[in-house]
Amino acid sequence: EVRPDSVDVLERLGALYETEGMYAELHENLRARAGLEADSDKRRALKKRVGGLLAKELDDPAQALVAYSDVLAMGFDPDAIAAIRAIGEAREELRHEAAESVTGILLAEGKYAELVDVLELRLRAETEPFDRARTLRQIAEYCENRVESPDRALGALLRSLAEEPGDAPTHTDIERLCKAVGKTGFEKYADTLRERATSTFDSTVTADLYARLGRIERAELGNARKAAEAFQHAAEQGGDTTEVLVALESVFSELGDSAALADVLERRIALETEAEPIADLVHRLACLQIDALGEKAQGLATLRTALEK
């Protein structure tokens, strides 16, 4: 009778099972040998063979993940990590589990470039906007601080706006990264803001996106005309606010668009509640009507209103 604890006999049986293609029996054989093996390197090798057998010949990727995770419990192993990633790439239903099983050890080992790739794998398995935005922010953090790739970090945060377009801290981080990347960064940000503004159905968020776009176009890209368009859209979506109207006033002054400027001043007058600011706005509107628009009668009428104010 063969004793189960006889390593020599188990090795001979394993070779026979492999030759004959008896993979279920080989699987049990390898597990038994791994349990008896005292040498850690040999035990690790046997456990990796178990994982490979489950992944290929036995076509049981879920159990293969368990086997390879058991290998990683013994310490960092690039072969096991590569095998787990391959399972995640091939099996959509196991993608999230595969990514989670290697994230911790990659972080502990400081393998940040590989960790970023694994987080991208996890992202492909996630469907909820909150989860996807969180993963993209993690990718951005590692790209910026560990991989030293501000451009890639920026790209991750820009993608996160598709999930949470109104997240203010994300916009702050994006602007900081844009300054590190340069003009191309701000151009990408502007394109993303425009895209998100036209595909977001929350008017408050849309107005905020357009206001941000207007500021970027004006201050960072030097395009007053596009800035004006963005600020106008912000007002259409969120209503007139002092911040947006002041921005429009400044932009139309730069563009020399007196008619549009007069319209903005009238809207500011309607919004203002304090007597002194109203009087100042009315006086400025009257001067604009008389000098720039050639509407002397209208300007005088507006001046009379200013005196009344």
Side-chain angles (χ1 to χ4, degrees), residues 34 40-52 54-56 60-164 167-181 185 188 192:
S40 61
D41 289 338
K42 292 181 179 179
R43 186 166 65 253
R44 181 193 296 267
L46 287 166
K47 288 184 176 183
K48 285 198 283 188
R49 287 186 64 191
V50 170
L54 287 164
K56 296 178 182 177
D60 191 344
Q63 285 303 306
L65 276 182
V66 175
Y68 283 124
S69 295
D70 195 25
V71 174
L72 292 180
M74 299 176 65
F76 180 75
D77 188 289
D79 295 333
I81 288 176
I84 289 173
R85 289 182 61 182
I87 291 171
E89 291 286 351
R91 300 283 184 147
E92 182 179 356
E93 73 279 9
L94 296 174
R95 196 162 286 160
H96 192 275
E97 183 181 349
E100 288 295 288
S101 66
V102 298
T103 297
I105 195 165
L106 289 173
L107 180 60
E109 293 291 321
K111 306 289 185 180
Y112 298 112
E114 195 169 353
L115 175 59
V116 167
D117 291 338
V118 167
L119 289 173
E120 290 282 4
L121 181 66
R122 187 179 80 185
L123 178 68
R124 288 160 55 191
E126 293 175 329
T127 57
E128 292 299 318
F130 174 83
D131 295 330
R132 289 177 57 80
R134 178 189 58 188
T135 296
L136 284 163
R137 283 193 289 268
Q138 288 179 325
I139 291 171
E141 178 184 352
Y142 292 126
C143 283
E144 180 184 8
N145 299 318
R146 301 296 184 177
V147 183
E148 297 184 357
S149 177
D151 189 67
R152 191 173 178 185
L154 175 61
L157 288 183
L158 292 177
R159 283 189 287 157
S160 78
L161 292 182
E163 314 301 332
E164 294 183 341
D167 188 69
T170 298
H171 285 283
T172 299
D173 287 338
I174 286 172
E175 290 199 41
R176 175 174 51 77
L177 284 167
C178 283
K179 291 176 182 177
V181 172
K188 291 176 182 177
T192 301

| said: Set out, in order, the CA-CA distance, both residues' side-chain angles and the distance that settles salt bridge (Lys or Arg N to Asp or Glu O under 4.0 Å) for Arg44 and Asp79, then state yes or no. | reply: CA-CA 11 Å; Arg44 181 193 296 267; Asp79 295 333; over 6 Å; no
| request: Could you walk me through whether Asp77 and Lys111 pass the salt bridge (Lys or Arg N to Asp or Glu O under 4.0 Å) test, one step at a time? | output: CA-CA 12 Å; Asp77 188 289; Lys111 306 289 185 180; over 6 Å; no
| said: Apply side-chain contact (heavy atoms from CB on, under 4.5 Å) to residues Arg85 and Ile81 and explain how you reach the verdict. | reply: CA-CA 6 Å; Arg85 289 182 61 182; Ile81 288 176; 4.1 Å; yes
| Are Glu126 and Arg134 close enough, and set up right, to give a side-chain contact (heavy atoms from CB on, under 4.5 Å), and what steps lead you there? | CA-CA 10 Å; Glu126 293 175 329; Arg134 178 189 58 188; 3.9 Å; yes
| message | For a side-chain contact (heavy atoms from CB on, under 4.5 Å) check, start with the C-alpha distance between Tyr112 and Leu106, then their side-chain angles and the critical distance, and finish with the verdict. | response | CA-CA 7 Å; Tyr112 298 112; Leu106 289 173; over 6 Å; no
| field | Steps toward side-chain contact (heavy atoms from CB on, under 4.5 Å) verdict (Asp167, Arg137) | value | CA-CA 11 Å; Asp167 188 69; Arg137 283 193 289 268; 3.9 Å; yes
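Taken from CG in Leu54 to OH in Tyr68, the straight-line distance is 8.5 Å, to the nearest 0.5 Å. In this structure, CD on Gln138 lies 10.5 Å from CG on Leu123, to the nearest 0.5 angstrom. From Leu157, atom CG reaches atom CG of Asp173 across 6.0 Å, with rounding to the nearest 0.5 Å. The line from CZ of Arg43 to CG of Asp70 is 9.5 Å long, rounded to the nearest 0.5 Å. Note that CZ of Arg159 and CG of Leu154 are 11.0 Å apart. Values are rounded to the nearest 0.5 Å. Between the CG atom in Leu65 and the CD1 atom in Ile87 there is a gap of 4.5 Å [rounded to 0.5 Å].
Between the side chains of Glu164 and Thr170, no donor-acceptor pair is found at a separation under 3.5 Å.
Salt bridge status for Arg152 with Asp117: present, with a side-chain N to carboxylate O gap under 4.0 Å.
Inter-residue side-chain proximity for Glu163 and Phe130 is flagged as unmet; no heavy-atom pair is nearer than 4.5 Å. Between Leu161 and His171 the shortest side-chain heavy-atom distance falls below 4.5 Å. Side-chain contact between Thr192 and Ile174: absent, with no pair of heavy atoms (C-beta onward) separated by less than 4.5 Å.
Between the side chain of Arg95 and the backbone N or O of Glu89 there is at least one donor-acceptor pair closer than 3.5 Å. Listed for the Ser101 side chain is a donor-acceptor partner under 3.5 Å among the backbone atoms of Ala98.
Residue-environment remark: CD (Glu93) exceeds the threshold of 12 foreign heavy atoms within 6.0 Å.
When all heavy atoms of Gly51 and Ala64 are compared, the closest pair comes out as O-CB, 3.6 Å.
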